[in-house]
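Below: the structure, in structure tokens.
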Amino acid sequence: MIQVGVVGHSGYVGLREVLHDLLRLAAELNLRLYLEDELFAVAGIGERLTDPDVVDVLLTLGGDGTLLRGARILAGRPAPILGVNLGRVGFLTACAGNELEEALRRLSSGDYVAESRMALEARTMDRDDVERRRLFALNDVVLHKGGFARVLSLEVHAGDEPVARFSADGLVVSTPTGSTGYSLSAGGPVVVPTLESIILTPISAHTLSLRALVLPPTVQLRVRANDGPEQLLVTVDGQAGTTFAPGETLLVQRAERPVLIVRFPGTSFFARLTRKLGWGGLPDRDEDRRC
């Protein structure tokens, strides 16, 4: 029997139908379901998900945000995540809601690949170098100024080596998986998600000579804000975070354990780039020019 944890958001259109299909298939495919509280209230059957250690697979019903939240729930536990897209983009997910049955059948028969994705661990240290908060991120760690108009004066080290000092609205520290998220919008590179590296992307830097930087996965980044608004924010995956203040230190490094993402044979990262983000130009226009 496969122990399946299920997380999602009741606000998604079509969630009830997907849950109905899931419950129908569970007995046939020998799946034991553990639903988080919000979904348990909707479904009314199954078991409550109270301990992530019991699950063999985590099923996320929603969009990329739901999958990212699922990754933080697992926090490096060796259970692959099968993302079912009920949202708009769904870049990280493996299938759409109407493909759930086929996806579960392939999952139960072992016809899938669990891609290993590097994650990040972020720690905020106070002025006395005492740890205040520890956070886990699959996509990115962002230091930013919230709603204030003033720029930040940032200082970045890779280990003991100075990397840069600059003024900006903030900084994105991204994994390759997160390279197609906020980092991309801020001018960062697209990195194939199964590689391991740390991507450093300034947000609206006040200089003409600063670009995004791809670093080895073994470095520990130390970031300090020497000036700027008194109340700053550190956000992970755009969903969780903590406050930060000038003079404190943000430490970011590769997490001890990766996140496993379900992919089915025949799917391609570059196909998703083209379909979801319009990567590779405009095929219709280019085909017209060849005629």
How long is the span from the [atom1] atom in [X] to the [atom2] atom in [Y], to the nearest 0.5 Å?
| X | Y | atom1 | atom2 | answer |
| --- | --- | --- | --- | --- |
| Leu59 | Leu82 | CG | CG | 5.0 Å |
| Leu120 | Gln253 | CG | CD | 9.5 Å |
| Arg69 | Asp64 | CZ | CG | 13.5 Å |
| Glu28 | Ser108 | CD | OG | 8.5 Å |
| Glu36 | Thr50 | CD | OG1 | 12.0 Å |
| Arg48 | Asp37 | CZ | CG | 5.0 Å |

State whether the number of non-hydrogen atoms from other residues, nucleotides or ligands found under 6.0 Å of [X] atom [atom1] is greater than 12.
| X | atom1 | result |
| --- | --- | --- |
| Arg165 | CZ | no |
| Phe91 | CZ | yes |
| Arg16 | CZ | no |

Under a 4.5 Å side-chain heavy-atom rule over Ile, Leu, Val, Met, Phe, Trp and Tyr, are [X] and [Y] clustered together?
| X | Y | result |
| --- | --- | --- |
| Val113 | Val262 | no |
| Val223 | Leu233 | no |
| Leu25 | Leu86 | yes |
| Leu273 | Tyr182 | no |

Minimum side-chain heavy-atom gap [X]-[Y] below 4.5 Å:
| X | Y | result |
| --- | --- | --- |
| Leu35 | Leu19 | yes |
| Cys95 | Glu102 | no |
| Asp140 | Ser183 | no |
| Val191 | Ser197 | yes |
| Met118 | Thr177 | no |
| Leu92 | Arg117 | yes |
| Ile203 | Val172 | yes |
| Leu171 | Phe166 | yes |

Could you tell me whether the side chain of [X] and the main chain of [Y] form a donor-acceptor pair under 3.5 Å?
| X | Y | value |
| --- | --- | --- |
| Arg134 | Glu121 | no |
| Asp237 | Gln239 | no |
| Glu155 | Asn226 | no |
| Arg132 | Thr243 | yes |
| Arg224 | Gly247 | yes |
| Thr201 | Ala212 | no |
| Arg127 | Pro246 | yes |
| Tyr34 | Asp51 | no |
| Glu99 | Ala96 | yes |
| Arg222 | Asp160 | no |

query: Does the pair Ile261 and Leu67 meet the rule for a side chain to side chain contact (heavy atoms under 4.5 Å, CB included), with working shown?
result: CA-CA 9 Å; Ile261 303 290; Leu67 191 147; 3.7 Å; yes
Between [X] and [Y], what is the shortest heavy-atom contact and its length?
| X | Y | result |
| --- | --- | --- |
| Thr175 | Leu138 | OG1-O, 2.6 Å |
| Pro202 | Leu200 | CD-O, 3.9 Å |
| Leu107 | Val57 | CD2-CG1, 4.0 Å |
| Leu260 | Ser116 | CD2-CA, 3.9 Å |
| Asp169 | Leu152 | O-CD1, 3.9 Å |
| Pro80 | Tyr112 | CG-OH, 4.2 Å |

Verdict with supporting geometry, Leu74 and Phe136, side chain to side chain contact (heavy atoms under 4.5 Å, CB included): CA-CA 10 Å; Leu74 291 178; Phe136 181 90; over 6 Å; no
task: Decide yes or no on side chain to side chain contact (heavy atoms under 4.5 Å, CB included) for Phe270 and Val190, but give the supporting numbers first.
output: CA-CA 11 Å; Phe270 297 106; Val190 174; over 6 Å; no
Residue among Leu61, Val84, Asn85 satisfying side-chain contact (heavy atoms from CB on, under 4.5 Å) with Thr93: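 That would be Asn85; it is the only one of Leu61, Val84, Asn85 passing the side-chain contact (heavy atoms from CB on, under 4.5 Å) with Thr93.
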- prompt: Side chains of His9 and Thr66: donor-acceptor distance under 3.5 Å anywhere?
  reply: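 Result is no, nothing qualifies.
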task: Check the pair Val4, Leu22 against side chain to side chain contact (heavy atoms under 4.5 Å, CB included), reporting the backbone distance first and the verdict last.
output: CA-CA 11 Å; Val4 181; Leu22 176 61; 5.6 Å; no
